[in-house]
Undergrad: 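Below is a structure I'd like to ask you about.
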Amino acid sequence: MINVRDGGLDKLGLLFERYKRPLFGFFYGMNKDQELSDDLVQNTFYRVMKYRHLFRGDGEFKTWLFHIARNVRHDHFRKEKIKGKDPVEDWEHKLGHSENKSEEMQHDEEHMMLNLAMDRLSPEKREVLLLSKYQEKKYKEIGEILGCTEGAVKVKVFRALQDLKGVYEKLEKQM
Amino acid sequence: MEKKGVEELIAKYNEGLADPAEIHELERLIEEGIVPLTALSNLSQLDDRMMAVPDAQPSMEVDNRFYTMLREEQRKASKSTFSFQWPAWSVLAPRLAFGVVLLIAGFAGGYWMNKPQEKDDVASLTREVTDLKEMVMLSLLEKESATDRLKAVSLTSEMNQASKKVTEALIKTLNEDGNVNVRLAALDALRPYVRESNVRESIIRSIANQSSPMVQVALAELMVELQEKKSVKELRKLLEEEATPKDVKERIEESIQVLI
């Protein structure tokens, strides 16, 4: 990234190739919308390119990237709120996607159930678990993204996992 | 809390017997880094299972949009790579005068030489686009997905003149790629460069390495088309191979007959 910041724009392609999947996984995990997640990945890299001179180089690029990704997501939902998008239409859209998703995942019940359980968590808890996954449990870095201490992140992950476990067990009983 | 007490609390939690007050205490210990999350076995198992859930994949559209955006930005960056700051007037005046003189000289020079500068700009832009395509192509070739690698190979057809790096990557693909379609596409992409002796020799050397009948036949046909007599020795090696199918052997035999 330091190369990109200092003018080697062509290296941004390599960063894109390395991080587009985890970034997409994060967005998709949050909104379950393929098209929207594609857009958000694009917007995040647009900001990386535009604000590349602001990368200080004292931390990991991935941490900086997810920091931007969170802002992109928040900005998107703030705009949607202002536009007053029809909530019913939005839900239909989401339902359509989750049906497709469950069809895709039928061959793997456990993964499907975990995904369903994740969807039922609050956005804050889902976010901290997704960050834990895509930041490979580096709680200090997650703390930098969320603006809290490493210890606080661990507690957030603990609470989110507890909830996930509760929802997962309920789903298991229903099956 | 003593070590023993902490261990007891963890054991109680793992058995699902901890009450809210004990869970609260556990949170404090986690926050202080005394209890790692991995010690909570059933939670950490769930965490590991979640880590193993396969990720959804972004669409190819994301790639297209990103690389279009990057090209556009590179074009802009190459146009404006200087920054400007107003200097003091005393410094500026002679510079301005010098600038005006240069401008007039430039106009005069331009008038006499009558060669537009644009040509250079276009050439450098073309070079940049080619470099970018090369970079994309080389990175796509490393992908696990055969579709991506096919896309990489097809990108070379958009290049007016591929560099040595690209032809070497294509030859490596022809020799080593696990997918027959990708190898065939690489052979096809190498066609415009067969006049280069090193490319031609690498293709000939590749004949004996190929195990797929389709690639073997395609190579034999190309050799006939090129009237490449040096390939006969390599083609004969395929005839000697027991694994080569009978039909393929017949086709190769025909090719050898044409060549000698």
Side-chain angles (χ1 to χ4, degrees), chain A residues 7 9-14 16-18 20-29 32 34-35 37-42 45-46 49-50 52 101 104-105 108 110-115 117-118 129-130 132-134 136-137 139 149-155 157-162 164-165 168, chain B residues 13 16 18 23-24 26-38 40 42-78 81 128 131-136 138-140 142-143 148:
Chain A
L9 211 48
D10 49 346
K11 299 276 194 302
L12 190 61
L14 297 177
F16 172 74
E17 291 301 332
R18 195 177 303 158
K20 67 179 177 190
R21 287 210 173 107
L23 203 55
F24 180 86
F26 171 69
F27 286 133
Y28 191 80
K32 290 289 178 292
Q34 172 89 30
E35 219 173 298
S37 304
D38 279 352
D39 284 348
L40 296 177
V41 170
Q42 164 80 6
F45 271 93
Y46 175 73
M49 192 171 74
K50 198 169 163 199
R52 58 188 184 273
K101 188 149 180 60
E104 279 165 28
M105 296 277 185
D108 197 332
E110 189 192 74
H111 290 165
M112 187 191 78
M113 294 244 295
L114 272 168
N115 275 328
M118 280 288 276
L129 289 183
L130 287 167
S132 167
K133 178 173 179 178
Y134 293 114
E136 287 136 5
K137 299 186 186 178
Y139 301 121
T149 64
E150 187 179 349
V153 173
K154 286 182 188 167
V155 174
V157 172
F158 170 71
R159 288 178 184 164
L161 279 173
Q162 279 207 117
L164 184 71
K165 189 170 168 270
Y168 186 82
Chain B
Y13 179 81
I23 290 177
H24 190 72
L26 194 60
E27 281 183 4
R28 189 186 64 79
L29 295 168
I30 290 169
E31 188 167 10
E32 285 172 9
I34 298 167
V35 172
L37 285 171
T38 45
L40 311 170
N42 49 8
L43 277 197
S44 87
Q45 272 169 19
L46 184 68
D47 198 11
D48 291 342
R49 272 152 63 196
M50 199 193 70
M51 296 283 273
V53 173
D55 294 330
Q57 301 288 326
S59 70
M60 286 300 279
E61 183 59 23
V62 178
D63 285 24
N64 295 340
R65 273 154 60 192
F66 170 78
Y67 284 108
T68 311
M69 174 182 86
L70 185 60
R71 263 200 306 272
E72 182 65 21
E73 185 69 12
Q74 283 189 317
R75 200 174 55 79
K76 271 193 236 157
S78 67
T81 47
E128 267 174 36
D131 287 352
L132 191 69
K133 274 187 190 157
E134 267 187 39
M135 193 193 77
V136 175
L138 294 172
S139 81
L140 280 177
E142 302 291 320
K143 292 293 177 62
D148 283 345

Undergrad: Kindly write out the residues that satisfy side chain to side chain donor-acceptor pair (under 3.5 Å) with R71(B), not counting sequence neighbours, or none if the list is empty.
TA: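 For R71(B), no residue satisfies side chain to side chain donor-acceptor pair (under 3.5 Å) once neighbours in sequence are set aside.
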Undergrad: Could you check whether any side-chain heavy atom of V53(B) comes within less than 4.5 Å of a side-chain heavy atom of M118(A), counting everything from C-beta outward?
TA: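 A side-chain contact is absent here, since even the closest heavy-atom pair is not under 4.5 Å.
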Undergrad: Out of L129(A), T149(A), V41(A), which one racks up the most heavy-atom pairs below 4.5 Å with chain B?
TA: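 Of the candidates given, the most pairs with chain B belong to L129(A).
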Undergrad: Looking only at heavy atoms, what is the nearest atom pair of D47(B) and Y139(A), with distance?
TA: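 Scanning both residues, the minimum pair turns out to be OD2-OH, 4.4 Å.
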Undergrad: Please flag which part of E32(B) lies under 4.5 Å from any non-hydrogen atom of chain A: side chain, backbone, both or neither.
TA: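 Neither the backbone nor the side chain of E32(B) comes within 4.5 Å of chain A.
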Undergrad: Between D55(B) and Y134(A), is any side-chain donor less than 3.5 angstrom from a side-chain acceptor?
TA: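 Indeed, the side chains of D55(B) and Y134(A) share at least one donor-acceptor pair under 3.5 Å.
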Undergrad: Any chance you could measure E17(A), atom CD, to Y67(B), atom OH, to the nearest 0.5 Å?
TA: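 The CD atom of E17(A) sits 3.5 Å away from the OH atom of Y67(B).
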Undergrad: Indicate the atoms forming the closest heavy-atom contact of H111(A) with P54(B), along with that distance.
TA: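 Looks like ND1-CD, 3.1 Å.
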Undergrad: May I have the step-by-step check of salt bridge (charged side-chain N to carboxylate O under 4.0 Å, His left out) for D38(A) and R65(B), ending in yes or no?
TA: CA-CA 10 Å; D38(A) 279 352; R65(B) 273 154 60 192; 5.5 Å; no
Undergrad: Which heavy atom of M50(B) sits nearest a heavy atom of K133(A), and at what distance?
TA: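 Looks like O-NZ, 3.5 Å.
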Undergrad: What's the spacing between F158(A) CZ and L29(B) CG if we round to 0.5 Å?
TA: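 Output value for this atom pair is 10.0 Å.
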Undergrad: Taking atom NZ of K50(A) and atom CD of E73(B), what is their separation to the nearest 0.5 Å?
TA: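 K50(A) NZ to E73(B) CD: 9.5 Å, rounded to 0.5 Å.
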Undergrad: Against chain A, label S59(B) side chain, backbone, both or neither, depending on which of its atoms sit under 4.5 Å from a heavy atom there.
TA: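 It is both, since atoms from each part get that close.
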Undergrad: Kindly give the heavy-atom pair with the smallest separation between F24(A) and A56(B), and that separation in Å.
TA: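 Nearest heavy atoms, F24(A) then A56(B): CD2-O, 3.4 Å.
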Undergrad: In terms of heavy-atom contacts, does OH of Y46(A) have more than 12 from other residues, nucleotides or ligands at under 6.0 Å?
TA: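 Open.
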Undergrad: Apply the test side-chain contact (heavy atoms from CB on, under 4.5 Å) to residues F66(B) and L12(A): give CA-CA distance (whole Å), side-chain angles for both, the deciding distance (0.1 Å), then the verdict.
TA: CA-CA 10 Å; F66(B) 170 78; L12(A) 190 61; 3.9 Å; yes
Undergrad: In terms of heavy-atom proximity below 4.5 Å to chain B, should L164(A) be classed as side chain, backbone, both, or neither?
TA: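 For L164(A), backbone and side chain are both near chain B.
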Undergrad: Heavy-atom distances under 4.5 Å only: say whether L114(A) touches chain B with side chain, backbone, both or neither.
TA: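 L114(A) touches chain B through side-chain heavy atoms alone.
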Undergrad: With a 4.5 angstrom heavy-atom cut-off, could you sort out which part of M69(B) is near chain A: side chain, backbone, both or neither?
TA: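 Both backbone and side chain of M69(B) come within 4.5 Å of chain A.
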Undergrad: Any sub-3.5 Å donor-acceptor pair from K165(A)'s side-chain atoms to N42(B)'s backbone N or O?
TA: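 Absent.
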Undergrad: When you measure from the side chain of E27(B) to the backbone N and O of K154(A), does any donor-acceptor pair fall under 3.5 Å?
TA: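 Not at all, since once roles are kept as given, no pair shorter than 3.5 Å links the two residues.
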Undergrad: What part of Q162(A) gets closer than 4.5 Å to chain B, counting heavy atoms only: side chain, backbone, both or neither?
TA: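 Contact with chain B: backbone and side chain both.
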Undergrad: Where on D63(B) is there a heavy atom nearer than 4.5 Å to chain A: the side chain, the backbone, both, or neither?
TA: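 The answer is both parts of D63(B).
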Undergrad: Non-hydrogen atoms of chain A under 4.5 Å away: do they reach the side chain of L37(B), the backbone, both or neither?
TA: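 Contact with chain A involves the side chain of L37(B) alone.
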Undergrad: In Å, rounded to the nearest 0.5 Å, how long is the span from CD of Q45(B) to CG of L161(A)?
TA: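 So the gap between those two atoms works out to 12.0 Å.
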